Amino acid sequence: MPDTSSVAPASRQISAETLACLGELDRKVLWLSSWIIHNANHLRPSRDGLKVGGHQASSSSVATLMSALYFHALRPEDRVAVKPHASPVFHAIQYLLGRQSLENLKAFRALGGAQSYPSRTKDEDDVDFSTGSVGLGVAMTNFASLVQDYVQLKKLSPADLKPGRMIALVGDAELDEGNIFEALLESWKHDIRNVWWVIDYNRQSLDNVIADRLYTRIDTLFHAMKWRVVTLKFGKRLEAAFAKPGGHALRDWIDACPNSLYSALCFKGGKGWRAHLETDLGKNSAIRAILDSHDDEALHALMTNLAGHDMASVIEAFDHAGASDEPTCFIAYTIKGFGLPLAGHKDNHAGLMNVEQMRQFKKQMGIDDGAEWERFAGLSLPRETLQRFLDRIPFATRYPRRYEARRIDVPTSLPLQIERSMSTQEAFGKILNDIARSNSQLAERIVTTSPDVTVSTNLGPWVNRRGIFDRETLADPFKEEQVVSAQRWVQSPQGQHIELGIAENNLFLMLAALGLSHSLFGARLLPIGTLYDPFIQRGLDALNYACYQDARFLLVATPSGITLAPEGGAHQSIGTPMIGIAQDGMAAFEPAFADELATVIAWAFDYMQRSGDNPVRESHPGFSWLRDSAGGSVYLRLSTRSIAQIERAIDSDLRAEVIAGGYWLKPPRPGAELAIVYTGAVAPEAIAAWEQSSEDVPGAGLLAVTSADRLNAEWMAARRAREAGEGQARSHIERLLATLAPDAALVTVLDGHPATLSWLGAVHGHRAASLGVEHFGQSGDIPALYSKYHLDTDAILDAAAGVLIARRRDRA
Ligand SMILES: Cc1ncc(C[n+]2csc(CCOP(=O)(O)OP(=O)(O)O)c2C)c(N)n1
Ligand SMILES: [Mg+2]
């Protein structure tokens with residue numbers, strides 16, 4: 001079991017009573033986490049025959065580390081991301097702290113019960129960061145620490161909030177995820193502080209025991225990123241054995257023992273250790289003495305006394321590290337399945353103790369039948385002592401630990417000088433520039449971030465005015481040297497833009513952390529992240545993760561579609577409008593005109609701050625089926641194509657329709673046979689096609705869809721409401737399309753996958769032909785590409801003719 005360059009933690013006195021209480025609680029956490037899973041799998045009736053699962057081995061591996069944290073090292077201001085499959089350990093600890101109900105533990109993995117993986121939004125206890133998709137929760141802590149610095153340096157958080165540590169309990173195999181490395185490098189650039197990663201170094205992943213050579217890489221990697229590395233390898237008992245004359249032979253033997261053999265022997269127990277030690281070191285008198293003085297059980301306990309399971313060693317390391325705010329990685333050697341009959345077995349990831357094994361384990365834990373859920377049953381200290389201990393731990397001094405932040409006032413419309421022709425991307429830059437110029441609270445609370453596409457997504461003017469955030473103040477040498485540049489990038493703690501390197505995972509984790517600042521740090525921020533639309537897919541899991549945690553942000557994705565024409569196929573997004581529809585927690589818009597964009601952005605700043613209950617009624621009559629009072633994040637799909645703008649004022653009715661997702665740009669005559677429906681940058685083609693078709697089909701309508709996502713969501717919600725007995729429920733899109741003839745033809749068109757709008761045919765059973773992009777594009781100019789991919793005016797007219805002919809044939 002080769003080691004990393006060992007750093008012995010300096011010792012600090014901790015009372016024997018404290019250590020005894022911690023040891024007992026650790027035992028209880030191990031018991032409860034195993035029992036929660038056992039109960040779910042063996043004692044709850046199964047209706048579907050599926051194994052419920054849970055991770056007894058993964059949980060046992062981290063029980064001591066988590067007990068040491070929660071019952072000793074943590075302060076209320078610290079925030080923790082727990083490795084996903086240690087959820088039972090987390091909930092057991094919360095139960096002991098009185099923050100989780102027995103009912104929820106009994107319902108682990110059942111509807112409404114404690115979640116399989118800790119969830120900020122679904123669990124009722126004190127989850128700081130959700131986890132589940134490995135690697136993301138870990139990296140989230142780095143970005144959360146950056147946000148903590150941001151709000152504290154600007155004095156936006158409550159004055160009495162001390163800086164906390166952002167702590168991740170990390171499965172060692174999580175380090176295989178690329179996003180970890182992206183986050184490490186990025187956070188090195190930002191000189192992050194107050195981060196702890198506690199690696200549960202059990203040397204097992206899901207499938208396998210990891211290669212012996214890997215440890216050197218982990219150590220080197222963290223050192224290279226300027227992290228302090230604290231290795232916790234051997235527990236006190238093993239250290240004591242090594243300190244005896246000849247003990248070094250035992251240390252050398254363990255150090256040289258391959259991970260797989262060590263794991264296998266952990267599973268086999270005392271007899272296995274004895275056989276190998278006899279063969280390899282039996283002639284060594286010191287080893288002989290150990291073998292002779294330990295029975296099999298004691299020998300097993302000694303040989304598996306790794307520091308990650310040794311409370312005194314863990315406490316010492318945590319206490320020692322607490323003195324500095326340096327980012328710190330603890331490599332804590334552990335055994336997957338420690339203390340359980342699953343220990344060390346390479347197949348133990350999804351392994352569950354069987355009924356007989358659990359009976360034995362229960363006996364070993366001193367727990368009587370019927371006392372399985374009792375907080376202190378089977379422990380050797382009096383319950384009063386343990387309860388008193390729990391009541392006094394630092395972490396218990398504040399609950400709940402989440403903050404509510406005051407709402408930032410947002411105007412219902414944002415000023416924008418509309419040019420005769422402009423793109424939505426250009427309008428976005430101007431809107432932000434205008435906000436940057438103002439002295440408003442809104443301007444103060446906006447924070448922007450971008451993965452190296454700040455300039456190319458038009459955030460430049462905002463950054464020029466508001467500056468780049470950094471702990472240190474740094475002038476712009478280009479400016480000082482009078483080198484002419486459009487960008488003036490002054491860095492300081494006052495800056496309001498966080499510039500990231502090119503890694504979209506990092507962008508979304510940054511937005512996740514910024515978007516939870518109100519709850520984590522009591523400081524409301526209005527985060528805006530920009531990137532090229534196609535690269536959403538690069539960071540999609542992290543985006544999903546941000547939404548899963550209910551982080552609030554405005555995502556501005558530009559340019560998009562094949563409309564970015566000369567940039568070519570590798571940069572063209574096809575599927576993102578479908579992501580916009582399907583992504584929970586995020587309302588997606590694709591406005592065509594600048595005034596629509598200004599309307600949506602103003603609404604978005606308000607929507608991002610909402611937190612009411614579901615279901616919800618909007619105040620504007622008619623738009624009542626969306627879950628709008630709960631709020632969420634907002635995604636804007638924008639374009640660099642400059643299009644002719646419409647001279648108009650957006651009144652409150654039009655505003656409500658733009659927000660609801662669509663409006664008749666050219667209202668149809670009642671009973672009209674045809675409507676052209678468009679989204680986004682193809683507006684000029686749709687308008688031209690409508691003008692030309694009006695000659696043949698008088699009274700045809702032209703429907704502007706600003707949000708296929710919201711139209712769709714409300715349609716689904718209204719249908720469900722009708723099914724639930726609300727017969728009058730009608731969604732906006734149902735009312736809009738009801739003007740048409742029952743068998744009217746619809747032609748839908750957008751620069752994205754046609755399925756985004758094709759469902760409109762199902763609203764009233766209209767016959768729909770849907771245009772869009774289905775295949776990878778290539779470089780070209782807009783006319784060439786729109787023609788090739790059938791988005792141009794002719795294609796729309798052809799499609800209209802096709803559906804109208806089919807309609808007439810059917811009627812005949
Ligand atoms: C992104 C992602 N891929 C795959 C999984 C499935 N999975 C869950 S745990 C795990 C292995 C975890 O190993 P490690 O992190 O070492 O945890 P431990 O040994 O403590 O169980 C895998 C592959 C996942 N949860 N997330
Ligand atoms: Mg592991």
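As the structure lists them, so they are numbered: ligands from 1, and atoms in each ligand from 1. As a basis for the values below, the full set of heavy atoms in this structure was taken, side chains included, without hydrogen atoms, waters or symmetry mates. Because the structure is a prediction, the values reported are computed rather than measured.
Looking at heavy atoms from C-beta onward, F361 lies in side-chain contact with M365 at the 4.5 angstrom threshold. The shortest side-chain heavy-atom distance between W273 and C266 falls under the 4.5 Å cut-off.
With respect to R193 and E326, no salt bridge is recorded, no charged nitrogen being found less than 4.0 Å from a carboxylate O. The pair D128-R401 meets the salt-bridge criterion, with a side-chain N (NZ, NE, NH1 or NH2) lying under 4.0 Å from an Asp/Glu carboxylate O. For the pair D550 and R552, the salt-bridge criterion is met [side-chain N within less than 4.0 Å of a carboxylate O].
Protein residues having a heavy atom under 4.0 Å from any atom of ligand 1 are S58, K83, H85, G132, S133, V134, G171, D172, A173, E174, E177, D200, N202, Q204, S205, L206, K336, H349, listed by chain and number.
Counting only residues at least two apart or in different chains, side chain to side chain donor-acceptor pair (under 3.5 Å) contacts with residues 170-181 are absent.
Around the Mg ion (ligand 2), protein N, O or S atoms at a distance under 2.8 Å total 3; waters are neither shown nor counted.
Note on ring orientation: taking the six-membered ring where Trp is involved, the planes of W253 and H276 are tilted (angle from 30° to 60°).
Considering Y215, F338, Y201, Y262 as possible partners of Y333, the one that fulfils the ring pair (Phe, Tyr, Trp, His ring centres under 6.0 Å) test is Y201.
For E297, the side-chain contact (heavy atoms from CB on, under 4.5 Å) partners at least two apart in sequence or on another chain are D295.
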